[in-house]
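Remarks on the structure that follows.
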Protein chains: 2
Amino acid sequence: MAGIKDVARQAGVSVGTVSNVINRPEAVLPDTRARVLAAIEELGYVRSESARQLRAGRSRIMALLVLDMGNPFFVDVARGAERAAREAGLGVMVCNSGQSPEEEAEYLGLFAEQRVCGVLVTPADATGGNLEAFARHRIPYVLVDRVAATTDTCAVSVDDVRGGTLAVGHLVSAGHRSVAYVSGPGDLHQIRDRRQGALAALAEAGLGPEALVEIPSDRLDVAAGRDAGARLLGLVPRPTAVFCANDLLALGVLQSLYAAGVRVPQDIAIVGYDDIEFAAAAAVPLTSVRQPAVVMGRMAAELLLEEADDADGGHRHRSVVLQPELVVRASSAAPR
Amino acid sequence: MAGIKDVARQAGVSVGTVSNVINRPEAVLPDTRARVLAAIEELGYVRSESARQLRAGRSRIMALLVLDMGNPFFVDVARGAERAAREAGLGVMVCNSGQSPEEEAEYLGLFAEQRVCGVLVTPADATGGNLEAFARHRIPYVLVDRVAATTDTCAVSVDDVRGGTLAVGHLVSAGHRSVAYVSGPGDLHQIRDRRQGALAALAEAGLGPEALVEIPSDRLDVAAGRDAGARLLGLVPRPTAVFCANDLLALGVLQSLYAAGVRVPQDIAIVGYDDIEFAAAAAVPLTSVRQPAVVMGRMAAELLLEEADDADGGHRHRSVVLQPELVVRASSAAPR
DNA sequence: CCCACCGATTGAATTGTTTCAATCCGCTCG
DNA sequence: CGAGCGGATTGAAACAATTCAATCGGTGGG
């Protein structure tokens with residue numbers, strides 16, 4: 001494959017001039033430039049990103065590590081991040097940790113080797129150990145969908161406690177007195193915060209924590225939701241409402257209930273979380289807590305760019321907390 | 001950031017030895033190795049991928065360029081490809097062309113600069129011009145979800161003509177005599193093949209092409225489906241069935257009909273395509289043509305690896321065609 | 001007459017790793 | 001005693017770009 005030297009020889013100039021044609025065209029005489037461009041075209045020359053990275057010290061790629069790209073919520077986050085990155089001339093490398101701290105560590109290692117210019121990460125490791133280790137490499141990173149534990153990190157999150165309160169508050173004000181919470185991996189902050197918000201809503205209505213019946217789940221997908229739905233049906237007494245930690249679970253629960261002939265919302269009301277596009281198209285359109293996913297992705301990328309561009313340590317870490325919004329649809333209503 | 005030279009100095013050995021410790025540990029005496037590893041740990045050394053790429057001539061990254069990651073079908077393709085790639089120790093860089101030939105060209109250029117070891121691509125450019133230009137770089141690529149136009153490319157596809165026949169054959173045998181086809185960008189092969197299959201099914205039942213009423217659409221997402229649904233409602237006479245080019249469109253159409261009080265399947269039957277996870281969870285569970293997306297992604301990646309690993313030109317290009325499968329659910333039934 | 005400066009171009013240094021031929025050391029065999 | 005050998009280690013070349021100080025001939029001012 002042709003290199004810059006071949007182009008220089010072909011055009012009868014030095015490699016430095018070829019480099020200038022590519023990077024600072026205005027600094028080269030028009031006819032020299034034309035000659036070089038012709039040589040580039042003729043040889044099919046493409047500059048090597050690895051060589052320029054080597055010199056620059058870091059790549060022009062931003063990494064995004066999410067829990068699961070099978071969840072449309074994260075696809076939206078990625079969309080927002082990608083748009084911001086491309087505006088800055090950067091590529092985005094999207095990876096799934098699958099909620100596994102080990103996979104997360106592996107990917108972070110990969111990012112360090114790649115010398116990515118920064119990492120957007122939805123942490124899968126509750127201890128924060130992975131990121132603590134990663135910080136050593138002095139590659140900037142921004143937490144996504146997670147509040148910053150310390151002040152030495154930027155973060156963009158959505159107020160999950162408030163989201164939980166919105167969801168369960170809505171159910172309680174519709175008359176429900178016992179609510180199931182289909183949760184997810186207990187070490188995810190999002191899950192815990194949403195539960196806490198749910199408990200707060202119950203407390204405000206004078207109900208104790210026993211009014212929230214937890215149905216644990218180790219994954220956050222539709223299949224896990226079907227599973228949880230089956231377990232929900234077996235509960236005695238059966239709660240009159242379900243709050244699901246995300247929409248995928250809610251869709252799975254809905255399918256389960258539907259298959260068992262349980263009517264939604266007459267017999268059981270359902271509220272999901274994320275308001276993914278498919279929530280509105282569900283068997284019974286799903287009440288859900290909407291998160292500004294695209295905005296979150298974009299803001300996270302912008303914070304990262306700010307931190308990465310700031311060579312002199314003038315950067316001040318910031319935490320942005322966005323607000324969720326309840327979208328009421330047919331799946332929630334008064335009990336019986 | 002510490003480099004291999006710093007490690008060598010710290011451990012009192014040469015850079016070559018450090019390289020050996022990392023890449024061929026058995027070739028270094030245990031205590032030397034221990035000393036080097038200690039130095040690596042102490043300095044927090046991480047080898048630079050760009051430097052090793054520079055030497056190797058190509059990167060350890062496989063690119064995947066799909067039409068739209070917002071479509072769960074492509075997420076599944078990506079999953080399959082990623083699994084195969086990781087087994088081979090490669091990373092995957094996933095990008096969306098958004099069905100735009102310009103974006104496709106831009107990304108292909110990026111991949112050439114990155115010297116990726118190969119590209120999996122769902123072509124957005126019907127002319128094939130982008131890939132023809134790309135072939136010049138001698139970077140192997142495999143067509144995904146598209147039959148190869150020539151024999152100098154590997155390809156993995158699903159028989160879309162057969163898929164269209166399955167879908168519309170099912171509708172016809174249920175008694176429908178007029179079927180709407182909610183299509184997509186006309187320059188996508190998938191769309192055209194599915195239409196052709198639909199026409200074949202109609203012909204087999206003695207119906208002419210006028211029995212297929214096309215409702216064009218320039219995108220393939222839920223919003224475009226809602227749009228198409230609205231147009232469907234305005235048709236006189238109104239077809240009794242709709243075949244949608246993919247499930248996102250079908251879900252959108254379903255929402256539209258639902259909102260207008262049209263009953264599915266009693267008033268209009270719907271058949272989608274892809275059988276994404278959300279099809280089964282829709283307002284009316286969606287009949288759909290299932291594609292083996294994960295398998296397709298995996299096979300494509302494996303073909304690519306085979307081609308990339310093959311230094312001497314012994315590689316023979318292959319085209320794999322997978323078979324789709326009709327999954328009948330509530331959204332399709334006999335008319336009136 | 002000399003020097004500073006002009007814009008364009010050059011040549012060399014630099015980046016971090018891998019690889020390979022050369023070297024070194026201790027050992028054995030002739 | 002010296003040659004030969006094998007394993008461990010070294011040192012330098014190579015990779016492909018960027019960048020920067022040096023250089024070119026020509027010009028105008030002091």
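Chain identifiers are assigned alphabetically (A, B, ...) following the order of the sequence lines, protein sequences preceding nucleic acid strands; residue numbering begins at 1 within each chain.
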Using a heavy-atom cut-off of under 4.0 Å over every strand shown, decide if [X] touches base, sugar-phosphate, or nothing.
X	result
B:Leu54	base
A:Ser48	sugar-phosphate
B:Val28	sugar-phosphate

Worksheet item: For A:Tyr107, is the NZ or CZ atom of B:Arg86 found under 6.0 angstrom from the centre of its six-membered ring and inside 45 degrees of the ring axis?
Response: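 Cation-pi check for B:Arg86 and A:Tyr107: passes.
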Worksheet item: Taking C-beta and beyond as the side chain, do A:Val144 and A:Val156 meet within less than 4.5 Å on heavy atoms?
Response: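 Result no, sub-4.5 Å side-chain heavy-atom pair not found.
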Practice prompt. Please list, by residue number, the residues of residues 33-47 of chain A whose heavy atoms come closer than 4.0 Å to an atom of DNA chain D; answer none if no residue qualifies.
Written response: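 Listed by number, they are A:Tyr45, A:Val46, A:Arg47.
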Worksheet item: Where along residues 2-9 of chain A does a heavy atom fall under 4.0 Å from DNA chain D?
Response: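 The answer is A:Gly3, A:Ile4.
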Worksheet item: Mapping A:Thr32 and B:Glu49 to their closest nucleotides on DNA chain C, which lands nearer the 5' end?
Response: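 Counting from the 5' end, the first nearest nucleotide belongs to A:Thr32.
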Phosphate OP1/OP2 of [N]: any [X] side-chain N/O under 4.0 Å:
X	N	answer
A:Asn20	C:dT9	no
A:Thr17	C:dT9	no
B:Ser19	C:dT17	no
A:Arg52	D:dT18	yes

Practice prompt. State plainly whether the residues B:Glu87 and B:Arg83 are in salt-bridge range, i.e. N to O under 4.0 Å.
Written response: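 A salt bridge is absent here (no side-chain N lies under 4.0 Å from a carboxylate O).
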Fill in: Ionic contact status for B:Glu49 with B:Arg115, cut-off 4.0 Å
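No, this pair does not count.
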Worksheet entry | Non-neighbouring partners of B:Glu104 that pass side-chain hydrogen bond (donor to acceptor under 3.5 Å, both in side chains), sequence neighbours left out |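 With sequence neighbours excluded, B:Glu104 shows a side-chain hydrogen bond (donor to acceptor under 3.5 Å, both in side chains) to B:Asn130, given in chain and number order.
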Discussion item. We want to know whether A:Gln99 and A:Asp68 form a side-chain donor-acceptor pair, criterion being a heavy-atom distance below 3.5 angstrom.
Written reply: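 No, no side-chain donor-acceptor pair sits under 3.5 Å.
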